[in-house]
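These notes are about the structure you will find just below.
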Amino acid sequence: MPFTRVSVGSGTGLRVGDVIVARTALGPVRLFDDPMEIVEFAAPAPGRDGVCRLEKRGRPVRGGAELRVRAVGGARGDRSEVTWQEEVVLAGLPGVFDPVVAGVGRFVFGRVLDRLLG
């Protein structure tokens, strides 16, 4: 995410119960922290997808996310497909704005992914 750095809030950041914190800031001005607890974690293995599910525990942003890694083969068997799904609920914002929040989220995540893959 633009203007966001991720760090481990507690634990190792690799186990159920650990907390990861995404801090959004503009320069030295911190806008908000988005703490997320790992509620499911399984590394990919032969015949099994890797999955990490997070529950957002902060005040301004609630919801959850799921990151899934699936082997898809390739000439050397070394290709993967990554799926990221996220549910974002902004505290205090009426549900009538959900389509706007979803549109902005798609736009921002799309730009980030385009830059990463470009």
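These values consider heavy atoms only, across backbone and side chains, with no hydrogens, waters or symmetry-generated copies. Bear in mind that the values here come from a model prediction, so they are computed numbers and not experimental data.
Note that CD of Glu86 is 13.0 Å distant from CZ of Arg106, once rounded to the nearest 0.5 Å. The distance from the CD atom of Glu81 to the CZ atom of Arg70 is 4.0 Å, given to the nearest 0.5 Å.
Placement of Val101 and Val61 within a single hydrophobic cluster is found when ILVMFWY residues are connected by side-chain heavy-atom separations under 4.5 Å, directly or transitively. Under the 4.5 Å side-chain contact rule for hydrophobic residues, Val88 and Val96 share a cluster. A continuous path of ILVMFWY side-chain contacts below 4.5 Å connects Val6 to Leu54, so both sit in one hydrophobic cluster. In the hydrophobic cluster analysis, where Ile, Leu, Val, Met, Phe, Trp and Tyr join through side-chain heavy atoms closer than 4.5 angstrom, Phe32 is grouped apart from Val89. Hydrophobic clustering places Val69 together with Trp84 (ILVMFWY residues linked when any side-chain heavy atoms are closer than 4.5 Å, directly or through intermediates).
Listed here is the closest heavy atom pair of Leu14 and Phe41: O-CD2, 3.3 Å. When all heavy atoms of Asp18 and Gly13 are compared, the pair lying nearest together is OD2-N, 2.9 Å. The shortest non-hydrogen separation linking Arg62 to Lys56 is O-CD, 3.6 Å. Minimum interatomic distance between Gly17 and Ser10 (heavy atoms only, all atoms of both residues): O-OG, 4.5 Å. In terms of heavy atoms, Val21 sits closest to Gly9 at CG2-CA, 3.9 Å. What you find for Ala91 and Arg59 is that their closest heavy atoms are CB-O, 3.1 Å.
Between Ile38 and Arg15 there is no side-chain heavy-atom pair separated by less than 4.5 Å. Residues Thr24 and Asp34 are not in side-chain contact: their nearest non-hydrogen atoms beyond the backbone lie 4.5 Å or more apart. Taking 4.5 Å as the limit, every side-chain heavy atom of Thr83 sits out of range of all side-chain heavy atoms of Leu67.
The stretch residues 40-54 participates, sequence neighbours left out, in these side chain to side chain donor-acceptor pair (under 3.5 Å) pairs: Glu40-Arg53.
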